[in-house]
Amino acid sequence: MASLSSNYVIEFKIDVIKTLKIAGISTGLLTAIGLGAYYIHRRSQTSKRVILRDEVRNILRPFQLTEEQLRRVMANLNTEMTNALKVDDSTENDLAMFPTYVHHGPSGKESGEYLVVDLGGSNFRVSHVFIEGRNRMRLNNKIFLIPHSLLLGEGEKLFDYIAECLQRFIDDNKLSVLKAADYRFDLAFTFSFPCQQKSLREATLVSWTKGFSCTSVVGNDVVLMLQQAIDRRKNLPIQVVALVNDTVGTLMACSSNYRDCKAGVILGTGMNACYFETLDNIPKWKGTRDNQTKQVIINTEWGALGRNGCLDFIRTDIDRELDESSLTPHQQVFEKMISALYLGEIVRLIIVDLVQRSILFPGRMQKSPSIRPDYNIFLILRGSFYAKHVADIENDTTDDLSTTATILTSIGIHDPSYDDCFIIREVCKTVSLRAAKLAAAAIAVLINRLNMSSVTVAVDGTLFRHHEQFKQNLSRTLGRLVLRAHRLVLSEDGSSKGSALVAAVDRRLKTSPMAYEKNLPS
Ligand code: BGC
(Lines give C-alpha, C1' and ligand atoms only; values in the text may rest on other atoms or scores of the structure.)
Protein backbone atom coordinates (compact mmCIF):
# COMPACT_ATOMS: atom_id res chain seq x y z
CA MET A 1 0.00 0.00 0.00
CA ALA A 2 1.12 3.59 -0.64
CA SER A 3 1.50 4.55 3.01
CA LEU A 4 3.66 1.51 3.66
CA SER A 5 5.91 2.15 0.69
CA SER A 6 6.37 5.85 1.59
CA ASN A 7 7.22 4.86 5.20
CA TYR A 8 9.76 2.55 3.75
CA VAL A 9 11.23 5.35 1.64
CA ILE A 10 11.45 7.69 4.67
CA GLU A 11 13.18 5.02 6.81
CA PHE A 12 15.52 4.25 3.95
CA LYS A 13 16.37 7.98 3.60
CA ILE A 14 17.07 8.31 7.34
CA ASP A 15 19.39 5.29 7.30
CA VAL A 16 21.29 6.66 4.30
CA ILE A 17 21.56 10.08 5.97
CA LYS A 18 23.03 8.52 9.16
CA THR A 19 25.60 6.54 7.19
CA LEU A 20 26.67 9.47 5.04
CA LYS A 21 26.85 11.83 8.06
CA ILE A 22 29.21 9.44 9.72
CA ALA A 23 31.28 9.68 6.52
CA GLY A 24 31.28 13.51 6.94
CA ILE A 25 29.15 14.57 3.97
CA SER A 26 27.17 17.88 4.31
CA THR A 27 23.41 18.12 4.97
CA GLY A 28 22.68 20.03 1.71
CA LEU A 29 24.33 17.36 -0.35
CA LEU A 30 22.49 14.73 1.66
CA THR A 31 19.15 16.37 0.95
CA ALA A 32 19.91 16.52 -2.78
CA ILE A 33 20.85 12.84 -2.83
CA GLY A 34 17.81 11.90 -0.77
CA LEU A 35 15.40 13.85 -3.00
CA GLY A 36 17.04 12.41 -6.11
CA ALA A 37 16.56 8.87 -4.85
CA TYR A 38 12.99 9.65 -3.87
CA TYR A 39 12.10 11.06 -7.32
CA ILE A 40 13.64 8.10 -9.11
CA HIS A 41 11.51 5.85 -6.90
CA ARG A 42 8.34 7.94 -7.62
CA ARG A 43 8.97 7.99 -11.37
CA SER A 44 9.22 4.26 -11.55
CA GLN A 45 5.95 4.01 -9.55
CA THR A 46 4.13 6.61 -11.66
CA SER A 47 5.17 5.22 -15.01
CA LYS A 48 4.04 1.77 -13.91
CA ARG A 49 0.70 3.24 -13.01
CA VAL A 50 0.29 5.12 -16.32
CA ILE A 51 0.81 1.93 -18.32
CA LEU A 52 -1.77 0.17 -16.18
CA ARG A 53 -4.22 3.02 -16.45
CA ASP A 54 -4.04 3.20 -20.24
CA GLU A 55 -4.93 -0.47 -20.53
CA VAL A 56 -7.69 -0.07 -18.02
CA ARG A 57 -9.02 2.97 -19.84
CA ASN A 58 -9.37 0.98 -23.05
CA ILE A 59 -11.42 -1.62 -21.24
CA LEU A 60 -13.64 0.97 -19.57
CA ARG A 61 -14.11 3.20 -22.62
CA PRO A 62 -17.20 1.35 -24.00
CA PHE A 63 -18.93 2.04 -20.67
CA GLN A 64 -18.46 5.80 -20.98
CA LEU A 65 -21.54 7.20 -22.66
CA THR A 66 -21.62 10.49 -24.49
CA GLU A 67 -24.56 12.87 -24.45
CA GLU A 68 -25.21 11.98 -28.08
CA GLN A 69 -25.55 8.31 -27.18
CA LEU A 70 -27.87 9.16 -24.30
CA ARG A 71 -30.08 11.20 -26.61
CA ARG A 72 -30.25 8.22 -28.97
CA VAL A 73 -31.32 6.02 -26.05
CA MET A 74 -34.01 8.63 -25.26
CA ALA A 75 -35.28 8.66 -28.84
CA ASN A 76 -35.42 4.85 -28.99
CA LEU A 77 -37.19 4.56 -25.65
CA ASN A 78 -39.72 7.20 -26.66
CA THR A 79 -40.47 5.40 -29.94
CA GLU A 80 -40.86 2.06 -28.17
CA MET A 81 -43.25 3.63 -25.65
CA THR A 82 -45.41 5.12 -28.37
CA ASN A 83 -45.48 1.88 -30.38
CA ALA A 84 -46.44 -0.21 -27.37
CA LEU A 85 -49.36 2.11 -26.58
CA LYS A 86 -50.79 1.36 -30.02
CA VAL A 87 -51.08 -2.39 -29.78
CA ASP A 88 -50.24 -5.27 -27.44
CA ASP A 89 -47.74 -7.17 -29.53
CA SER A 90 -44.92 -8.66 -27.52
CA THR A 91 -43.12 -9.95 -30.62
CA GLU A 92 -42.88 -6.45 -32.14
CA ASN A 93 -42.64 -4.28 -29.05
CA ASP A 94 -39.89 -4.31 -26.46
CA LEU A 95 -42.09 -2.64 -23.91
CA ALA A 96 -45.40 -3.75 -22.46
CA MET A 97 -46.85 -0.36 -21.42
CA PHE A 98 -49.52 -2.04 -19.28
CA PRO A 99 -52.59 0.03 -18.36
CA THR A 100 -52.97 -0.43 -14.58
CA TYR A 101 -56.64 0.51 -14.15
CA VAL A 102 -55.57 3.17 -11.68
CA HIS A 103 -57.19 6.31 -13.04
CA HIS A 104 -57.02 8.76 -10.16
CA GLY A 105 -54.51 9.92 -7.61
CA PRO A 106 -55.58 10.24 -3.99
CA SER A 107 -57.86 13.16 -3.19
CA GLY A 108 -56.98 13.40 0.49
CA LYS A 109 -60.42 12.11 1.43
CA GLU A 110 -59.37 8.47 1.55
CA SER A 111 -59.51 6.61 4.82
CA GLY A 112 -59.62 3.17 6.34
CA GLU A 113 -57.59 0.18 7.33
CA TYR A 114 -55.74 -1.98 4.79
CA LEU A 115 -53.27 -4.81 4.61
CA VAL A 116 -50.54 -4.76 2.00
CA VAL A 117 -48.35 -7.61 0.80
CA ASP A 118 -45.29 -6.23 -0.98
CA LEU A 119 -43.46 -8.86 -3.05
CA GLY A 120 -40.68 -7.86 -5.40
CA GLY A 121 -37.31 -8.89 -4.03
CA SER A 122 -35.78 -11.70 -2.07
CA ASN A 123 -37.93 -10.84 0.91
CA PHE A 124 -41.45 -9.56 1.20
CA ARG A 125 -43.19 -7.22 3.53
CA VAL A 126 -46.59 -7.33 5.16
CA SER A 127 -47.97 -3.96 6.26
CA HIS A 128 -50.98 -2.83 8.21
CA VAL A 129 -51.83 0.64 7.00
CA PHE A 130 -54.26 3.18 8.49
CA ILE A 131 -55.23 6.05 6.23
CA GLU A 132 -56.64 8.91 8.24
CA GLY A 133 -57.14 11.68 5.70
CA ARG A 134 -54.76 13.87 3.70
CA ASN A 135 -51.11 13.01 4.30
CA ARG A 136 -51.87 11.12 7.46
CA MET A 137 -50.96 7.46 7.30
CA ARG A 138 -49.85 5.05 9.98
CA LEU A 139 -47.98 1.93 9.04
CA ASN A 140 -46.85 -1.12 10.93
CA ASN A 141 -44.94 -3.72 9.00
CA LYS A 142 -42.85 -6.83 9.15
CA ILE A 143 -40.33 -8.22 6.69
CA PHE A 144 -40.36 -11.94 6.01
CA LEU A 145 -37.44 -13.66 4.32
CA ILE A 146 -38.31 -15.92 1.42
CA PRO A 147 -36.33 -19.16 1.50
CA HIS A 148 -34.30 -19.36 -1.71
CA SER A 149 -35.89 -22.70 -2.60
CA LEU A 150 -39.29 -20.98 -2.82
CA LEU A 151 -38.04 -18.44 -5.40
CA LEU A 152 -37.22 -21.26 -7.78
CA GLY A 153 -39.83 -23.85 -6.74
CA GLU A 154 -43.51 -24.54 -7.23
CA GLY A 155 -45.54 -21.28 -7.44
CA GLU A 156 -48.40 -22.51 -5.26
CA LYS A 157 -45.93 -23.06 -2.42
CA LEU A 158 -44.78 -19.43 -2.66
CA PHE A 159 -48.37 -18.21 -2.34
CA ASP A 160 -49.07 -20.64 0.53
CA TYR A 161 -46.02 -19.25 2.31
CA ILE A 162 -47.27 -15.68 1.83
CA ALA A 163 -50.66 -16.67 3.26
CA GLU A 164 -48.96 -18.35 6.22
CA CYS A 165 -46.96 -15.16 6.92
CA LEU A 166 -50.15 -13.08 6.67
CA GLN A 167 -51.77 -15.34 9.24
CA ARG A 168 -48.76 -14.92 11.56
CA PHE A 169 -48.83 -11.13 11.11
CA ILE A 170 -52.54 -10.90 11.94
CA ASP A 171 -52.20 -13.18 14.96
CA ASP A 172 -49.02 -11.57 16.32
CA ASN A 173 -50.54 -8.09 16.07
CA LYS A 174 -53.97 -9.29 17.28
CA LEU A 175 -55.57 -7.49 14.33
CA SER A 176 -58.73 -9.57 14.41
CA VAL A 177 -59.55 -8.67 18.00
CA LEU A 178 -62.74 -6.56 18.25
CA LYS A 179 -63.61 -7.16 14.59
CA ALA A 180 -67.11 -8.35 13.62
CA ALA A 181 -67.34 -12.06 12.84
CA ASP A 182 -67.82 -11.39 9.10
CA TYR A 183 -65.12 -8.68 8.85
CA ARG A 184 -62.65 -9.12 5.99
CA PHE A 185 -59.50 -7.04 5.58
CA ASP A 186 -59.02 -5.38 2.21
CA LEU A 187 -55.58 -6.33 0.95
CA ALA A 188 -53.58 -4.56 -1.75
CA PHE A 189 -51.00 -6.79 -3.39
CA THR A 190 -47.85 -4.95 -4.45
CA PHE A 191 -46.47 -7.38 -6.99
CA SER A 192 -43.42 -5.96 -8.76
CA PHE A 193 -43.27 -8.08 -11.89
CA PRO A 194 -44.71 -7.57 -15.37
CA CYS A 195 -48.46 -8.26 -15.25
CA GLN A 196 -51.12 -7.80 -17.90
CA GLN A 197 -54.17 -6.46 -16.05
CA LYS A 198 -57.82 -6.77 -17.04
CA SER A 199 -58.97 -4.80 -14.02
CA LEU A 200 -57.58 -3.65 -10.70
CA ARG A 201 -57.92 -7.18 -9.34
CA GLU A 202 -57.15 -9.37 -12.34
CA ALA A 203 -53.50 -9.63 -13.32
CA THR A 204 -51.74 -12.27 -15.38
CA LEU A 205 -48.00 -12.66 -14.80
CA VAL A 206 -46.23 -12.31 -18.15
CA SER A 207 -42.71 -13.25 -17.02
CA TRP A 208 -40.60 -13.37 -13.89
CA THR A 209 -37.70 -10.96 -13.48
CA LYS A 210 -35.03 -10.29 -10.80
CA GLY A 211 -34.02 -13.89 -10.26
CA PHE A 212 -37.50 -15.28 -9.51
CA SER A 213 -38.42 -18.39 -11.41
CA CYS A 214 -41.29 -20.20 -9.64
CA THR A 215 -43.12 -22.68 -11.80
CA SER A 216 -46.81 -22.54 -12.76
CA VAL A 217 -47.27 -18.82 -12.16
CA VAL A 218 -46.45 -17.26 -15.56
CA GLY A 219 -49.70 -17.09 -17.53
CA ASN A 220 -51.84 -17.24 -14.37
CA ASP A 221 -53.79 -14.62 -12.47
CA VAL A 222 -51.65 -13.83 -9.42
CA VAL A 223 -54.51 -12.13 -7.57
CA LEU A 224 -56.49 -15.33 -7.83
CA MET A 225 -53.49 -17.41 -6.78
CA LEU A 226 -53.01 -15.30 -3.66
CA GLN A 227 -56.75 -15.34 -2.84
CA GLN A 228 -56.86 -19.12 -3.24
CA ALA A 229 -53.86 -19.54 -0.94
CA ILE A 230 -55.57 -17.28 1.62
CA ASP A 231 -58.82 -19.23 1.34
CA ARG A 232 -57.00 -22.54 1.75
CA ARG A 233 -56.19 -21.44 5.30
CA LYS A 234 -59.95 -21.40 6.14
CA ASN A 235 -59.95 -18.68 8.82
CA LEU A 236 -57.90 -15.91 7.26
CA PRO A 237 -60.39 -13.03 6.82
CA ILE A 238 -58.80 -11.28 3.82
CA GLN A 239 -59.98 -10.27 0.35
CA VAL A 240 -57.45 -9.15 -2.25
CA VAL A 241 -58.87 -5.92 -3.72
CA ALA A 242 -56.04 -4.54 -5.85
CA LEU A 243 -52.90 -5.56 -7.69
CA VAL A 244 -50.34 -2.76 -7.75
CA ASN A 245 -46.90 -2.53 -9.32
CA ASP A 246 -44.30 -0.96 -6.97
CA THR A 247 -43.83 1.99 -9.34
CA VAL A 248 -47.56 2.75 -9.07
CA GLY A 249 -47.43 2.58 -5.27
CA THR A 250 -44.44 4.92 -5.32
CA LEU A 251 -46.29 7.42 -7.50
CA MET A 252 -49.50 7.26 -5.47
CA ALA A 253 -47.77 7.72 -2.10
CA CYS A 254 -45.91 10.79 -3.34
CA SER A 255 -48.84 12.33 -5.17
CA SER A 256 -50.72 12.74 -1.91
CA ASN A 257 -48.09 15.37 -1.01
CA TYR A 258 -47.11 16.74 -4.41
CA ARG A 259 -49.95 17.71 -6.69
CA ASP A 260 -47.71 17.72 -9.77
CA CYS A 261 -46.41 14.19 -9.13
CA LYS A 262 -47.33 12.23 -12.24
CA ALA A 263 -44.60 9.61 -12.52
CA GLY A 264 -43.13 6.92 -10.29
CA VAL A 265 -39.72 5.32 -10.74
CA ILE A 266 -38.02 2.41 -8.99
CA LEU A 267 -34.23 2.26 -9.05
CA GLY A 268 -33.48 -0.76 -6.89
CA THR A 269 -33.05 -4.49 -7.34
CA GLY A 270 -35.07 -3.99 -10.51
CA MET A 271 -35.90 -0.82 -12.35
CA ASN A 272 -39.09 0.43 -13.88
CA ALA A 273 -41.40 3.43 -14.19
CA CYS A 274 -45.04 4.37 -14.49
CA TYR A 275 -46.79 7.62 -15.35
CA PHE A 276 -50.21 9.12 -15.98
CA GLU A 277 -51.13 8.93 -19.66
CA THR A 278 -54.26 10.37 -21.26
CA LEU A 279 -56.52 7.71 -22.74
CA ASP A 280 -56.55 9.55 -26.07
CA ASN A 281 -52.86 8.68 -26.40
CA ILE A 282 -53.48 4.96 -25.84
CA PRO A 283 -55.01 3.50 -29.02
CA LYS A 284 -54.95 0.00 -27.50
CA TRP A 285 -57.09 1.03 -24.48
CA LYS A 286 -60.31 -1.03 -24.53
CA GLY A 287 -61.70 -0.06 -21.14
CA THR A 288 -64.02 2.68 -19.96
CA ARG A 289 -63.65 6.08 -21.57
CA ASP A 290 -65.96 8.77 -20.21
CA ASN A 291 -65.93 12.17 -18.55
CA GLN A 292 -64.70 10.69 -15.31
CA THR A 293 -62.07 8.41 -16.82
CA LYS A 294 -59.68 10.39 -18.94
CA GLN A 295 -56.31 9.05 -17.91
CA VAL A 296 -54.73 5.90 -16.56
CA ILE A 297 -51.41 5.06 -14.99
CA ILE A 298 -49.28 3.12 -17.46
CA ASN A 299 -46.76 0.63 -16.09
CA THR A 300 -44.05 0.98 -18.74
CA GLU A 301 -41.93 -2.08 -17.78
CA TRP A 302 -39.09 -0.18 -19.46
CA GLY A 303 -36.48 -2.54 -18.01
CA ALA A 304 -37.29 -4.72 -21.04
CA LEU A 305 -36.00 -2.11 -23.50
CA GLY A 306 -33.36 -3.52 -25.84
CA ARG A 307 -34.82 -6.98 -26.43
CA ASN A 308 -35.08 -6.27 -30.13
CA GLY A 309 -31.65 -4.69 -30.41
CA CYS A 310 -32.28 -0.95 -30.00
CA LEU A 311 -29.58 -0.75 -27.30
CA ASP A 312 -27.00 -2.80 -29.16
CA PHE A 313 -25.07 0.37 -30.04
CA ILE A 314 -24.10 0.82 -26.37
CA ARG A 315 -24.04 -2.76 -25.09
CA THR A 316 -20.59 -4.09 -24.24
CA ASP A 317 -19.20 -7.61 -24.35
CA ILE A 318 -19.58 -7.69 -20.58
CA ASP A 319 -23.31 -6.83 -20.86
CA ARG A 320 -23.73 -9.71 -23.30
CA GLU A 321 -21.82 -12.10 -21.08
CA LEU A 322 -23.93 -11.13 -18.06
CA ASP A 323 -27.14 -11.53 -20.06
CA GLU A 324 -26.22 -14.93 -21.46
CA SER A 325 -25.40 -16.34 -18.05
CA SER A 326 -28.53 -14.92 -16.39
CA LEU A 327 -31.76 -16.78 -15.62
CA THR A 328 -33.50 -14.70 -18.29
CA PRO A 329 -31.26 -14.33 -21.37
CA HIS A 330 -32.33 -11.61 -23.86
CA GLN A 331 -34.87 -10.20 -21.43
CA GLN A 332 -34.69 -7.05 -19.27
CA VAL A 333 -31.72 -5.81 -21.28
CA PHE A 334 -32.00 -2.20 -20.07
CA GLU A 335 -32.58 -3.30 -16.46
CA LYS A 336 -29.43 -5.41 -16.61
CA MET A 337 -27.36 -2.29 -17.39
CA ILE A 338 -28.78 -0.26 -14.52
CA SER A 339 -30.39 -2.03 -11.59
CA ALA A 340 -28.79 -2.99 -8.30
CA LEU A 341 -29.20 -6.70 -8.92
CA TYR A 342 -26.73 -6.47 -11.82
CA LEU A 343 -24.33 -3.58 -11.06
CA GLY A 344 -22.08 -5.65 -8.83
CA GLU A 345 -21.97 -8.47 -11.35
CA ILE A 346 -20.95 -6.10 -14.17
CA VAL A 347 -18.08 -4.87 -11.99
CA ARG A 348 -17.12 -8.46 -11.08
CA LEU A 349 -16.99 -9.49 -14.73
CA ILE A 350 -14.73 -6.54 -15.56
CA ILE A 351 -12.48 -7.46 -12.64
CA VAL A 352 -12.28 -11.05 -13.87
CA ASP A 353 -11.30 -9.72 -17.31
CA LEU A 354 -8.60 -7.54 -15.74
CA VAL A 355 -7.28 -10.48 -13.71
CA GLN A 356 -7.10 -12.63 -16.83
CA ARG A 357 -5.06 -9.91 -18.51
CA SER A 358 -2.75 -9.82 -15.45
CA ILE A 359 -3.61 -6.19 -14.84
CA LEU A 360 -5.16 -6.85 -11.44
CA PHE A 361 -3.48 -8.85 -8.66
CA PRO A 362 -0.56 -9.73 -10.97
CA GLY A 363 1.24 -12.83 -9.78
CA ARG A 364 -0.70 -13.10 -6.56
CA MET A 365 -2.34 -16.41 -7.32
CA GLN A 366 1.02 -18.07 -7.85
CA LYS A 367 2.73 -16.36 -4.92
CA SER A 368 0.04 -17.11 -2.37
CA PRO A 369 -1.40 -20.54 -3.05
CA SER A 370 -3.03 -20.52 0.38
CA ILE A 371 -5.41 -17.75 -0.66
CA ARG A 372 -6.31 -19.21 -4.05
CA PRO A 373 -9.59 -20.77 -2.95
CA ASP A 374 -10.92 -17.39 -1.76
CA TYR A 375 -9.90 -15.66 -4.94
CA ASN A 376 -11.54 -18.40 -6.90
CA ILE A 377 -14.83 -18.06 -5.09
CA PHE A 378 -14.93 -14.41 -6.05
CA LEU A 379 -13.75 -15.01 -9.59
CA ILE A 380 -16.06 -17.91 -10.34
CA LEU A 381 -19.17 -17.23 -8.30
CA ARG A 382 -21.79 -15.18 -10.13
CA GLY A 383 -23.36 -12.52 -7.92
CA SER A 384 -20.59 -12.54 -5.32
CA PHE A 385 -19.99 -8.78 -5.69
CA TYR A 386 -22.92 -6.55 -4.69
CA ALA A 387 -24.19 -3.11 -5.68
CA LYS A 388 -23.47 -2.10 -2.08
CA HIS A 389 -19.78 -2.90 -2.66
CA VAL A 390 -19.87 -0.74 -5.79
CA ALA A 391 -21.38 2.17 -3.83
CA ASP A 392 -18.94 1.88 -0.91
CA ILE A 393 -15.86 1.58 -3.12
CA GLU A 394 -16.98 4.46 -5.31
CA ASN A 395 -17.33 6.61 -2.21
CA ASP A 396 -13.88 5.69 -0.88
CA THR A 397 -12.04 8.98 -0.39
CA THR A 398 -9.33 7.68 1.97
CA ASP A 399 -5.75 8.54 0.91
CA ASP A 400 -4.66 4.93 0.93
CA LEU A 401 -7.99 3.53 -0.34
CA SER A 402 -8.25 1.54 2.86
CA THR A 403 -12.05 1.28 2.58
CA THR A 404 -11.67 -0.42 -0.77
CA ALA A 405 -8.96 -2.70 0.61
CA THR A 406 -11.19 -3.68 3.54
CA ILE A 407 -14.12 -4.48 1.27
CA LEU A 408 -11.94 -6.53 -1.08
CA THR A 409 -10.44 -8.41 1.86
CA SER A 410 -13.94 -9.15 3.17
CA ILE A 411 -14.82 -10.90 -0.07
CA GLY A 412 -11.65 -12.97 -0.19
CA ILE A 413 -9.20 -10.72 -2.04
CA HIS A 414 -6.60 -10.46 0.70
CA ASP A 415 -4.10 -7.63 0.94
CA PRO A 416 -4.78 -5.92 -2.39
CA SER A 417 -2.16 -3.42 -3.50
CA TYR A 418 -2.86 0.29 -3.81
CA ASP A 419 -2.90 -0.07 -7.59
CA ASP A 420 -5.45 -2.90 -7.41
CA CYS A 421 -7.70 -0.78 -5.20
CA PHE A 422 -7.27 2.26 -7.43
CA ILE A 423 -8.23 0.37 -10.58
CA ILE A 424 -11.21 -1.32 -8.94
CA ARG A 425 -12.48 2.05 -7.72
CA GLU A 426 -12.24 3.34 -11.31
CA VAL A 427 -14.26 0.35 -12.50
CA CYS A 428 -16.95 0.93 -9.86
CA LYS A 429 -17.17 4.64 -10.68
CA THR A 430 -17.50 3.97 -14.40
CA VAL A 431 -20.17 1.27 -14.13
CA SER A 432 -22.19 3.27 -11.62
CA LEU A 433 -21.94 6.46 -13.71
CA ARG A 434 -23.18 4.62 -16.80
CA ALA A 435 -26.16 3.29 -14.84
CA ALA A 436 -27.00 6.75 -13.49
CA LYS A 437 -26.75 8.31 -16.95
CA LEU A 438 -29.02 5.68 -18.50
CA ALA A 439 -31.56 6.06 -15.71
CA ALA A 440 -31.46 9.83 -16.26
CA ALA A 441 -32.06 9.39 -19.99
CA ALA A 442 -35.10 7.25 -19.28
CA ILE A 443 -36.55 9.66 -16.71
CA ALA A 444 -35.96 12.52 -19.16
CA VAL A 445 -38.25 10.74 -21.64
CA LEU A 446 -40.98 10.52 -19.00
CA ILE A 447 -40.67 14.20 -18.15
CA ASN A 448 -40.85 15.19 -21.80
CA ARG A 449 -43.88 12.98 -22.43
CA LEU A 450 -45.75 14.44 -19.46
CA ASN A 451 -45.33 17.84 -21.09
CA MET A 452 -46.11 19.83 -17.93
CA SER A 453 -44.61 23.17 -16.93
CA SER A 454 -43.15 21.47 -13.87
CA VAL A 455 -43.31 17.90 -12.74
CA THR A 456 -42.43 15.87 -9.68
CA VAL A 457 -41.13 12.35 -10.19
CA ALA A 458 -41.51 10.01 -7.21
CA VAL A 459 -38.50 7.73 -6.84
CA ASP A 460 -37.70 4.81 -4.59
CA GLY A 461 -35.24 1.92 -4.54
CA THR A 462 -31.86 1.23 -2.98
CA LEU A 463 -29.80 2.91 -5.69
CA PHE A 464 -31.62 6.20 -5.19
CA ARG A 465 -31.90 5.86 -1.44
CA HIS A 466 -28.44 4.66 -0.44
CA HIS A 467 -26.05 5.25 -3.34
CA GLU A 468 -25.27 8.96 -2.97
CA GLN A 469 -22.92 9.22 -5.93
CA PHE A 470 -25.42 7.46 -8.20
CA LYS A 471 -28.12 9.90 -7.11
CA GLN A 472 -25.91 12.93 -7.76
CA ASN A 473 -24.88 11.67 -11.20
CA LEU A 474 -28.51 10.95 -12.01
CA SER A 475 -29.67 14.47 -11.11
CA ARG A 476 -26.74 16.12 -12.87
CA THR A 477 -27.30 14.20 -16.11
CA LEU A 478 -31.06 14.76 -15.97
CA GLY A 479 -30.44 18.49 -15.66
CA ARG A 480 -28.47 18.37 -18.91
CA LEU A 481 -31.00 16.25 -20.80
CA VAL A 482 -34.25 18.07 -19.99
CA LEU A 483 -35.05 21.74 -19.95
CA ARG A 484 -38.42 21.43 -18.20
CA ALA A 485 -38.64 22.13 -14.47
CA HIS A 486 -38.61 18.89 -12.55
CA ARG A 487 -37.74 17.45 -9.18
CA LEU A 488 -37.02 13.94 -8.00
CA VAL A 489 -38.59 13.16 -4.63
CA LEU A 490 -37.93 10.11 -2.49
CA SER A 491 -41.20 8.29 -1.89
CA GLU A 492 -40.72 6.80 1.59
CA ASP A 493 -42.31 3.37 1.95
CA GLY A 494 -44.07 4.26 -1.28
CA SER A 495 -44.73 0.80 -2.58
CA SER A 496 -46.68 -0.21 0.54
CA LYS A 497 -48.36 3.09 1.44
CA GLY A 498 -49.17 3.82 -2.18
CA SER A 499 -50.79 0.42 -2.72
CA ALA A 500 -53.00 0.99 0.30
CA LEU A 501 -53.93 4.31 -1.30
CA VAL A 502 -54.86 2.58 -4.56
CA ALA A 503 -57.26 0.34 -2.61
CA ALA A 504 -58.55 3.35 -0.67
CA VAL A 505 -59.21 5.44 -3.79
CA ASP A 506 -61.05 2.48 -5.29
CA ARG A 507 -63.16 2.09 -2.15
CA ARG A 508 -63.95 5.83 -2.07
CA LEU A 509 -64.95 5.96 -5.72
CA LYS A 510 -67.24 2.97 -5.26
CA THR A 511 -69.00 4.58 -2.33
CA SER A 512 -69.16 8.15 -3.77
CA PRO A 513 -68.23 7.98 -7.47
CA MET A 514 -68.31 11.74 -8.10
CA ALA A 515 -66.10 12.64 -5.17
CA TYR A 516 -62.87 12.67 -7.15
CA GLU A 517 -63.96 15.44 -9.49
CA LYS A 518 -63.65 18.11 -6.81
CA ASN A 519 -60.49 16.73 -5.27
CA LEU A 520 -58.43 15.38 -8.10
CA PRO A 521 -54.86 16.62 -7.89
CA SER A 522 -54.29 18.86 -10.86
C1 BGC B 1 -40.12 -5.57 -12.78
C2 BGC B 1 -41.04 -4.40 -12.56
C3 BGC B 1 -40.70 -3.72 -11.25
C4 BGC B 1 -39.22 -3.39 -11.19
C5 BGC B 1 -38.82 -2.73 -9.89
C6 BGC B 1 -38.67 -5.16 -12.63
O7 BGC B 1 -37.84 -6.27 -12.71
O8 BGC B 1 -40.32 -6.13 -14.06
O9 BGC B 1 -42.38 -4.80 -12.56
O10 BGC B 1 -41.47 -2.55 -11.14
O11 BGC B 1 -38.46 -4.56 -11.36
O12 BGC B 1 -39.10 -3.52 -8.80
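Values reported hereafter were calculated over all heavy atoms of this structure, with side chains retained and with hydrogens, waters and symmetry mates removed. Quick note: residue numbers are just sequence positions, from 1. When a ligand or atom number is given, it counts from 1 through the structure's own listing order.
- In this structure, the protein non-hydrogen atom closest to atom 5 (C) of ligand 1 is Asp246 OD2, 3.3 Å.
- At a 4.0 Å cut-off, not a single heavy atom of Gly120 sits close enough to ligand 1 to count as contact.
- To the nearest 0.5 angstrom, Met271 atom CE is 8.0 Å from Leu305 atom CG.
- Neither the backbone nor the side chain of Thr269 has a heavy atom within less than 4.0 Å of ligand 1.
- Of all protein heavy atoms, the one lying nearest to atom 6 (C) of ligand 1 is Glu335 OE2, 3.0 Å.
- Geometrically, Lys142 does not engage Phe169 in a cation-pi contact defined by less than 6.0 Å to the ring centre and at most 45° from the axis.
- Annotation: cation-pi pair Lys262/Phe276 present, NZ/CZ under 6.0 Å from the ring centroid and within 45° of its normal.
- In this structure, Asp323 pairs ionically with Arg315, as a charged nitrogen and a carboxylate oxygen lie closer than 4.0 Å.
- The atoms of ligand 1 that sit less than 4.0 Å from any heavy atom of Thr209 are 1 (C), 6 (C), 7 (O), 8 (O).
- The closest protein non-hydrogen atom to atom 4 (C) of ligand 1 is Asn272 CB, 3.6 Å.
- Residue contacts with ligand 1, taken as heavy atom pairs separated by less than 4.0 Å, involve Glu301 solely via side-chain atoms from C-beta onward.
- Aromatic rings of Phe193 and Phe212 (six-membered ring for Trp) have centroids within the 6.0 Å cut-off, being under it.
- A side-chain donor-acceptor contact under 3.5 Å links Arg487 and Thr456.
- Between Ile146 and Phe124 the shortest side-chain heavy-atom distance falls below 4.5 Å.
- Residue contact check: Met271 has heavy atoms under 4.0 Å from atoms 4 (C), 5 (C), 11 (O) of ligand 1.
- Atoms of ligand 1 found under 4.0 Å from any heavy atom of Phe193 (numbered from 1 in listed order, with element): 9 (O).
- At the shortest separation from atom 1 (C) of ligand 1 among protein heavy atoms lies Ser192 O, 3.4 Å.
- At a 3.5 angstrom cut-off on N or O pairs, Asn299 does not count as close to ligand 1.
- The structure places CZ of Arg201 at 5.0 Å from CG of Asp506, a figure rounded to the nearest 0.5 Å.
- Considering backbone and side-chain N/O of Lys210, one or more are found under 3.5 Å from N/O of ligand 1.
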